[in-house]
Amino acid sequence: MTASDATLLAVVLPLLGAPLIGLLGNRPNLRETATLATGGVLFFVVLSLVPVVLSGSRPGIQILEVMPGLALAFEVEPLGMLFGLIASGLWILTSLYSIGYMRGHHESNQTSFYVFFAVAISGALGVAFARNLFTLFIFYEVLTLSTYPLVTHHRTGEALRSGRIYMGILLGTSVGLMLLAVVWTWQLTGTLEFVPGGILAGKASPAVVGVLLALYAFGTGKAALMPFHRWLPAAMVAPTPVSALLHAVAVVKAGVFTVMKIVVYIFGIDLLADTGMSLWLAYVAAATLLIASLVALTKDNLKARLAYSTVSQLSYVVLGAALANSWGIIGGSMHIAMHAFGKITLFFCAGAIMVAAHKTEISDMAGIGKTMPITMIAFFVGSLSVIGLPPLGGSWSKWYLALGAADADRIIFVAVLLISSLLNVAYLMPIVARAFFVAPTKAPSNPSGIREAPAFCVVPLCLTALGCLALFFCADDIYRLLAPITHP
């Protein structure tokens, strides 16, 4: 199989698996085996592309030419390679976790959950491997539409209201703002191809560059920049595996990935640095970063606190893009991976607590570390990675972001990063402290026993916690993969 064939197969394989998963709906064991098998083959296919991309090649394939110069086409470059590895790899762990959660929580509509999850992964891979803005926009919308049934999984009034917010904001921003920017870019340049160094230099005035950047940044609603962030907390009504998909595997990662890819390959970091037109975006990202952290402090519901934490953490990536220098781009891109593993660990733990202890409020979790020690130790590890402490992956992305802020001579953003990490401590560490060092208000029914969630829940959260540690030692490999995007 050639690298071009592997690129196409990576995008279509989840779509091929989805009907099979649906047909096996009445046989849960076979249905879930098909899900895991599809995920395993997909990850192997994506992994096979890594040596090719590291060698400097950009494997790709054109599917359809819509009109001269405008094609549905795929190409794997370093940034897309990283996102593809995250989406395909974490799909396997999320599928394992889903088996334990969906069965342990006695969820209905399990078959439709697995089917739409597979379609969403295809959308994420299409975004990751898009060769141009046209292809990216199509798969960006596929991702939105395929995740709506997941957000509204419970079919309750609250779920449907949350689904309307979800679709309203994501479709409203992409069609009303991003599509306008795409058409404008085509009109200015005559192309929508992702080109190293960008395509807008010499084609647009600084003012137009600034307006286009605003349309792209706010039009990418999945990046959850304030004030277009409300869909993310609203979507927490969905089952925890869906929250993992939204926060770590695909949806928000597709958002910040899109912002980063457009900055690098449409604007070009030299154009943004020379015109200074991205500085306002850095301030918006910094404000979102701090405000969302402060809101997280006020939330007693664990998933709600983690949701606002995600809103904050996404802005690290946008800030890195807006700094428009090599360190910022590396740090922001690296944070896509570091945050994915840290946050999926936290959401896996939140779901495990719900399944095993039926608790959703932080105030009710006193002493839970004694009955669920494995889960809460994993939560501690994930928290340290999100905070950015070594030896965990999040420390490297935050370090490179700080270097980017210093290199841009913007010490205020270094301060923002430091304050944000302190706020991370403030809204995450009390959960761990309460779990291990505060006595429960009501004596447990089984005081001497450990009552963890099913193994299908516990094993994935342990693996993602170990992933947070492994990423610390793999940072050099990730740097080598990403370095070419800063030197066109």
Side-chain angles (χ1 to χ4, degrees), residues 58 60 66 69-83 126-141 173-223 225 253-282 284-285 317-326 328-330 332-333 336 482 484-488:
R58 301 292 182 266
V66 179
L70 191 65
L72 183 68
F74 303 102
E75 182 179 85
V76 188
E77 45 75 46
L79 188 58
M81 186 76 263
L82 179 65
F83 182 31
V127 169
F129 295 164
R131 197 185 76 185
N132 52 50
L133 271 172
F134 173 70
T135 305
L136 186 148
F137 183 82
I138 289 174
F139 281 90
Y140 182 96
E141 300 296 14
T173 52
S174 63
V175 175
L177 300 175
M178 188 199 291
L179 183 58
L180 174 60
V182 170
V183 173
W184 197 353
T185 301
W186 170 267
Q187 187 271 327
L188 287 170
T189 66
T191 182
L192 295 176
E193 296 293 308
F194 291 123
V195 176
I199 61 175
L200 284 169
K203 304 289 186 179
S205 67
V208 170
V209 168
V211 173
L212 275 175
L213 183 61
L215 291 173
Y216 279 120
F218 292 118
T220 309
K222 292 184 179 72
L225 277 174
K253 294 301 176 287
V256 290
F257 167 83
T258 295
V259 172
M260 184 65 74
K261 190 157 184 174
I262 287 172
V263 164
V264 172
Y265 294 113
I266 297 298
F267 290 92
I269 58 177
D270 289 339
L271 175 64
L272 293 179
D274 292 342
T275 61
M277 283 296 123
S278 63
L279 181 59
W280 67 268
L281 180 57
V284 170
V317 182
V318 179
L319 175 60
L323 289 172
N325 59 39
S326 295
I329 296 297
I330 293 293
S333 301
I336 295 174
L482 293 172
I485 70 176
T486 65
H487 301 95

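Quantities reported herein were computed from a predicted structural model and do not represent experimental measurements.
- Nearest heavy-atom pair across Ala201 and Leu271 is N-CD2, 4.0 Å.
- The CZ atom of Phe134 sits 5.0 Å away from the CG atom of Leu70 when rounded to the nearest 0.5 Å.
- Taking CZ of Phe267 as the reference point, atom OG1 of Thr185 lies at 6.5 Å (rounded to 0.5 Å).
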Val264 and Phe194: CA distance, side-chain angles, deciding distance, side chain to side chain contact (heavy atoms under 4.5 Å, CB included) verdict: CA-CA 9 Å; Val264 172; Phe194 291 123; over 6 Å; no

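- The two residues Leu215 and Ala181 come nearest to each other via the heavy atoms CB-CB, 3.7 Å.
- The shortest side-chain heavy-atom distance between Leu225 and Val259 does not fall under the 4.5 Å cut-off.
- Note that OG1 of Thr173 is 11.5 Å distant from CG of Leu179, once rounded to the nearest 0.5 Å.
- Using a 4.5 Å heavy-atom threshold, the side chains of Ser278 and Val263 count as separate.
- Considering every non-hydrogen atom in both Ser333 and Ile485, the closest pair reads OG-CD1, 4.0 Å.
- When all heavy atoms of Ala71 and Arg131 are compared, the closest pair comes out as CB-NH2, 4.1 Å.
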Leu133/Ile262 under side chain to side chain contact (heavy atoms under 4.5 Å, CB included): CA gap, chis, key distance, verdict: CA-CA 8 Å; Leu133 271 172; Ile262 287 172; 3.9 Å; yes

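- For the pair Pro484 and Arg58, the minimum side-chain heavy-atom distance is below 4.5 Å.
- Of the inter-residue distances, the one linking Ile329 atom CD1 with Leu79 atom CG reads 9.0 Å to the nearest 0.5 angstrom.
- At least one side-chain heavy atom of Glu77 sits less than 4.5 Å from a side-chain heavy atom of Lys261.
- The closest side-chain heavy-atom distance from Phe257 to Val317 is not below 4.5 Å.
- When atom types are taken as modelled, the side chain of Thr189 and the backbone of Leu200 share no donor-acceptor pair closer than 3.5 angstrom.
- Considering CG of Leu177 and OG1 of Thr220, their distance stands at 9.0 Å, rounded to 0.5 Å.
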Pair Leu213-Trp280, side chain to side chain contact (heavy atoms under 4.5 Å, CB included): steps then yes or no: CA-CA 10 Å; Leu213 183 61; Trp280 67 268; 4.1 Å; yes

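- Side-chain contact between Val284 and Phe218 is present, with heavy atoms from C-beta onward closer than 4.5 Å.
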Stepwise side chain to side chain contact (heavy atoms under 4.5 Å, CB included) test for Ile199 and Glu193: CA-CA 8 Å; Ile199 61 175; Glu193 296 293 308; 5.7 Å; no

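- For the pair Lys253 and Phe83, the cation-pi criterion (under 6.0 Å, within 45° of the ring axis) is not fulfilled.
- Interatomic distance, Leu272 CG to Leu323 CG, rounded to the nearest 0.5 Å: 11.0 Å.
- Closest of all the heavy-atom pairs between Ala73 and Thr135 is N-OG1, 3.0 Å.
- Counting heavy atoms from C-beta on, the side chains of Ile269 and Asn325 never come closer than 4.5 Å.
- Closest of all the heavy-atom pairs between Ser174 and Tyr140 is CB-CE2, 3.8 Å.
- For the pair Val182/Tyr216, a side-chain contact is recorded, criterion being any heavy-atom separation below 4.5 Å from C-beta on.
- No donor-acceptor pair closer than 3.5 Å links the side chain of Lys222 to the backbone N or O of Thr258.
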